[in-house]
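Below, read A as the first sequence line, B as the second, and so on, with proteins coming before strands; counting in each chain starts at 1. Just so it is clear, the structure is predicted and the values come from calculations on it, not from any experiment.
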2 protein chains.
Amino acid sequence: MARPAASAAPRPGTPSGATSSTAVSSSAATSTALPSFALPALPLPVGSSPVGRQVRVPKTAELVAGQLRRRIIRGELAEGDALPPEPTLMAQFGVSRPTLREAFRVLEAEALISVRRGAHGGARVHTPSPAVAARYAGLVLEHRGATLGDIHQASALLEPPCAARLAERRNPADAAELRRCLAQGDAAGDDVGALAAAQTTFHLTMVQLTGNRSLALVTDMLHHLVDAAGAQQTRSLVLGSDADATRATHARLIDLIEAGDATAAAEHWSRHLAAPGHAMAGGPADTCVLDLLG
Amino acid sequence: MARPAASAAPRPGTPSGATSSTAVSSSAATSTALPSFALPALPLPVGSSPVGRQVRVPKTAELVAGQLRRRIIRGELAEGDALPPEPTLMAQFGVSRPTLREAFRVLEAEALISVRRGAHGGARVHTPSPAVAARYAGLVLEHRGATLGDIHQASALLEPPCAARLAERRNPADAAELRRCLAQGDAAGDDVGALAAAQTTFHLTMVQLTGNRSLALVTDMLHHLVDAAGAQQTRSLVLGSDADATRATHARLIDLIEAGDATAAAEHWSRHLAAPGHAMAGGPADTCVLDLLG
DNA sequence: GCATATTTGTGCGTATGTATT
DNA sequence: TAATACATACGCACAAATATG
């Protein structure tokens with residue numbers, strides 16, 4: 001005997017009686033409050049050309065995590081929303097507690113939820129953050145032995161074209177936004193942390209104004225990585241040159257953008273990023289391999 | 001009673017008697033074969049300026065996953081290596097099976113291990129792949145409503161400077177490597193899948209030859225995303241223009257690199273990526289928001 | 001301080017899949 | 001082809017830690 005009530009969901013993945021692929025999708029609540037989700041037929045990620053593809057039977061927890069993940073990414077579950085308590089979710093998904101907890105750990109590792117215990121605890125939803133994307137990219141880079149200078153070089157190659165694009169379109173709002181970042185740095189005063197953050201924000205904002213979300217994300221990820229790496233090891237290099245010089249350089253970029261001189265803006269920014277104080281190009285960071293995760 | 005043997009590890013995270021931060025680091029094996037890892041004092045990822053930082057007590061499974069993850073990233077565990085069976089790991093880490101399984105699910109979601117059951121099954125180690133990094137970046141982008149065209153624009157802005165750099169340094173080996181990619185595409189023949197793969201490889205190789213691992217990773221991620229998105233929805237757009245034209249364009253880039261004309265190479269590549277056939281700039285993909293994960 | 005709600009970690013049993021014989 | 005042994009997958013129930021009011 002044992003496994004007396006294996007719940008309604010008959011372990012998807014095994015081709016039992018799943019003839020109708022159209023999920024039941026019960027219209028709202030019947031009487032008990034268990035309508036929301038149910039594990040549908042698995043998508044079976046078959047790939048490309050070779051007809052026979054390696055099959056990887058997805059574990060139940062993976063399916064549950066996938067369901068919740070999709071709802072979060074789609075925006076059906078927004079930042080701060082509370083997920084139902086464990087017993088409710090167990091009933092809704094038709095899985096046991098260990099399985100549900102496995103799904104929770106996965107989503108928690110992706111920073112898509114955070115689980116607190118105690119009264120009024122439970123799982124809370126979070127917006128997918130560039131920091132997590134950066135973390136995984138950092139894993140790959142660390143495994144490949146990339147250096148800190150490598151990452152900075154990438155920024156140095158990526159950002160100048162963005163500056164050029166801003167100069168080309170010559171939108172007054174862009175310059176205004178950048179000046180606001182400049183002011184934010186001025187307001188930082190003695191707080192070196194706030195000053196560094198403001199300078200990072202300047203770079204990121206510049207790319208964001210381009211309007212390209214992918215470039216903005218990549219830039220954000222790269223800056224996250226230098227922050228994470230720099231926080232661990234070489235805390236000294238940060239702000240190598242004095243703040244006044246960088247401020248002036250940033251201000252000059254805004255002028256060039258306003259003037260509409262694309263090539264000058266790109267070249268200016270390229271020089272700025274190659275400067276030893278800021279960029280540590282060819283400097284010590286070039287030989288300093290990443291070591292995130294302690 | 002119950003919880004009869006809570007094992008040696010007294011649940012790190014609780015500041016019990018962890019006065020000595022230097023881990024014990026037992027010198028190899030004592031007598032029984034459980035020497036390898038033990039959960040050390042948690043790193044406590046305290047952040048930046050504000051002294052009081054939000055504390056997030058790490059779950060045990062998270063710690064176990066972190067240990068294994070680090071060993072994989074550091075290269076101590078290489079591709080294909082088999083992890084010990086569950087009972088052994090349970091003893092080594094001093095955790096129960098559900099906890100260990102939670103850690104397994106996390107690492108499996110990160111594609112750092114794959115667990116098969118049955119005889120000679122168990123967890124097998126995998127190299128961190130750009131595909132996973134791309135998946136998480138894709139989550140962020142999808143949540144932010146980025147379009148397929150957005151991603152392509154990023155590539156279009158990122159790759160030309162790489163072409164310029166190759167032209168500047170004028171290394172014969174670079175041209176040779178690119179010609180090999182070209183030949184690979186020629187060998188594809190009628191197989192459109194192989195042809196598309198070869199063309200993607202050309203782009204990626206071009207960036208890889210730059211020597212910058214971060215740029216290579218980012219480029220790889222972007223291409224992974226268009227592949228994943230394109231595989232789902234608009235399978236038609238792929239290879240919009242005929243293959244001969246793109247082949248000629250690719251070949252021309254090699255010539256410009258060999259000639260050492262950096263600006264021409266960059267401009268040529270920029271035009272190539274902006275071409276409607278290849279780039280779908282301003283085309284239908286511009287309004288086509290990402291929809292990975294079904 | 002105490003009651004309550006909620007997650008956390010654990011032990012153990014059964015089911016199922018996989019390779020070997 | 002069938003039997004068998006191995007290893008994970010999933011389930012249930014209990015005790016402990018924890019945060020709220």
Using a cut-off of strictly less than 4.0 Å, decide whether B:Lys59 has a side-chain nitrogen or oxygen near OP1 or OP2 of C:dT8.
yes

Does D:dA9 have its OP1 or OP2 closer than 4.0 Å to a side-chain nitrogen or oxygen of A:Thr60?
no

Nearest to the side chain of A:His120 - D:dG21, D:dA9, C:dT6?
D:dG21

Interatomic distance, CG@B:Leu83 vs CD1@B:Ile113, rounded to 0.5 Å, equals 6.5 Å

D:dC10, OP1 or OP2 - any side-chain N/O from A:Ser96 closer than 4.0 Å?
no

Tell me which of B:Leu83 and B:Pro98 sits closer to the 5' end of DNA chain D, going by the nucleotide each one is nearest to.
B:Leu83

Does a side-chain N or O from B:Arg117 land closer than 4.0 Å to OP1 or OP2 of C:dA15, or not?
no

Would one find a side-chain N or O of A:Thr99 under 4.0 angstrom from OP1 or OP2 of D:dG11?
yes

Nearest-0.5 Å distance that lies between atom CD in A:Glu79 and atom CZ in A:Arg124
10.0 Å

Comparing A:Ala61 and A:Arg97 on DNA chain D - which has the more 5′ nearest nucleotide
A:Ala61

Do any side-chain nitrogens or oxygens of B:Arg101 fall under 4.0 Å of OP1 or OP2 in D:dC10?
yes

Between C:dG9, C:dT18, D:dA9, which nucleotide gets closest to the side-chain atoms of B:Ala119?
C:dT18

